[in-house]
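Notes to accompany the following structure.
Nothing here was measured: the structure is a model prediction, and the numbers come from that model. The sequence lines fix the lettering, A, B, ..., with proteins before strands; numbering per chain opens at 1.
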There are 2 protein chains.
Amino acid sequence: MENTATTDRKAAERAARKELILQGALTVFKEKGLEGAKIDEIARVSGFGKATLYYYFSSKEEIFNALLLHGWLSLWRELEETAVGGDSPRRTFISMLKKIAETVNADRPLYEFLFQAPKSFTAEENNRAEWKAYQNRLYKVLMELIEQGITEGQFPQMEPRLILKAMGGLFHGLVFWGADRGSITEDEIEEMLGNLLRGN
Amino acid sequence: MENTATTDRKAAERAARKELILQGALTVFKEKGLEGAKIDEIARVSGFGKATLYYYFSSKEEIFNALLLHGWLSLWRELEETAVGGDSPRRTFISMLKKIAETVNADRPLYEFLFQAPKSFTAEENNRAEWKAYQNRLYKVLMELIEQGITEGQFPQMEPRLILKAMGGLFHGLVFWGADRGSITEDEIEEMLGNLLRGN
DNA sequence: CGGTTATTCGAACGAACGGTCGAATAATAG
DNA sequence: CTATTATTCGACCGTTCGTTCGAATAACCG
């Protein structure tokens, strides 16, 4: 049998290789989507033989899901704290958007993928995926903030889903456009939201 | 040779059959997307043999593009008039959204498809497609209205693309949610926009 | 009618692709 | 060292699916 140190090292190497594969997969998935990405290409880009990919992952979809899970989980972990801070709904909402922007800017390729990828799915297969839980958790928090904010007169009197959708579109554009200039400042977010969200 | 009446009738029948195929294709594409839709299924749903589809269209992609072209062209034709009416930017913008809502409600399956479909593409192949011209034309008009509106103080002072994106998200939600209740009233649009667009 | 053209269609083709196999190599243990 | 296990990989397999073929039928014309 192996000694403990060896076992640990091997586990670490294994994890590192999985990471490399995911990195290559991200590149290809981003460019081609779920169907368009070929296993052969992912293998080539990540620098492993095709069969080796299957030594680490059991299917193409598992790779895809691992990527999404990693993304949504990371994002959620970053936001968890902000979500429960006892500020007003409107201020909490804005804080969360700022935090999301920061997180996204720390790993743009991953999050660009994250926010485009769900469109690759039909509703059916979507709901069996593990990552979906974290996405839902985030949406739920934002929705509740909006609902709360509406009753307190800090948001326009509109269907909350609509507000979320509009804010989502706006925010997505805000964060992902201008990839050339580094990142969005907090002031810009503040100003931009101020333009759309009245009250307070 | 055939006489004129016969030729006409046959052309009409041919067009009608193309229409039937497109109708079936719409059903399948909507449900499965470009990759997910199988030619066999489109054939089955539209009631023709598989080879017959290729007697009318030269490829799966041609069917897909024909569908998109038909949609964007129809939509543009509906809007053309409204776009050039000499009203204020803000009022013209709102009129156009109303008109879009009406048009969409007149053939929901087609337009639901139209507004979801572009995501099936990569940027590359997107720009060679004929329908893209009409989509761009529409976006351009809306963008110009927003830009004009901003300088006249009828829209918030924001990056026009962002406004368009936010309005797009909002409008999309507004029109396509609640498929159960018939259609959105003009008043609702007016009110909803009023909440987001200050000035005027 | 017979000849010609238009239309229809299932069977067959061939390329693409996800996934597996089995052999080869490297790492580890005793 | 040998034995055992972990890892790597290109060749291969089976399926799926867009497209084409070739024969059959229908429509039309003189």
Base, sugar-phosphate alone, or nothing: which one does A:Tyr56 contact when heavy atoms must sit under 4.0 Å apart?
sugar-phosphate

Got a sec? Which of residues 12-30 of chain B come in under 4.0 Å of DNA chain C, heavy atoms?
B:Arg14, B:Arg17

May I ask you to test the B:Phe113-B:Leu68 pair for a side-chain heavy-atom distance under 4.5 Å?
yes

Only counting residues at least two apart or in another chain, list the ones meeting side-chain contact (heavy atoms from CB on, under 4.5 Å) with A:Glu78.
A:Lys99, A:Thr103

Any chance you could list the contact pattern along nucleotides 16-23 of chain D? Use B for base contacts, S for sugar-phosphate-only contacts and - for none, protein heavy atoms under 4.0 Å, 5' to 3'.
-SBBBB--

Within-4.5 Å side-chain heavy-atom neighbours: A:Gln154 and A:Ser88
yes

Does B:Thr52 make a side-chain N or O approach to OP1 or OP2 of C:dC9 shorter than 4.0 Å?
yes

In whole Å, what is the span from the CZ atom of B:Arg44 to the P atom of C:dC9?
15 Å

May I have the distance from B:Tyr55 (atom OH) to C:dT7 (atom C1'), rounded to whole angstrom?
5 Å

Separation of D:dC9 atom P from A:Leu53 atom CG, nearest Å, is 10 Å

Kindly assign one of parallel, tilted or perpendicular to the pair A:Tyr139 and A:Trp72, based on the angle between their ring planes and the thresholds 30° and 60°.
perpendicular

Any ion pair linking A:Arg44 and A:Glu41 (charged N to carboxylate O, less than 4.0 Å)?
yes

For residues 65-76 of chain A, which residue pairs qualify under salt bridge (charged side-chain N to carboxylate O under 4.0 Å, His left out), counting only residues two or more places apart or in two chains?
none

Qualifying salt bridge (charged side-chain N to carboxylate O under 4.0 Å, His left out) pairs with a residue from residues 14-29 of chain B, counting only residues at least two apart or across chains:
B:Glu13-B:Arg17

So the side chain to side chain donor-acceptor pair (under 3.5 Å) pairs with at least one residue in residues 140-151 of chain B (sequence neighbours excluded) are B:Gln148-B:Glu152

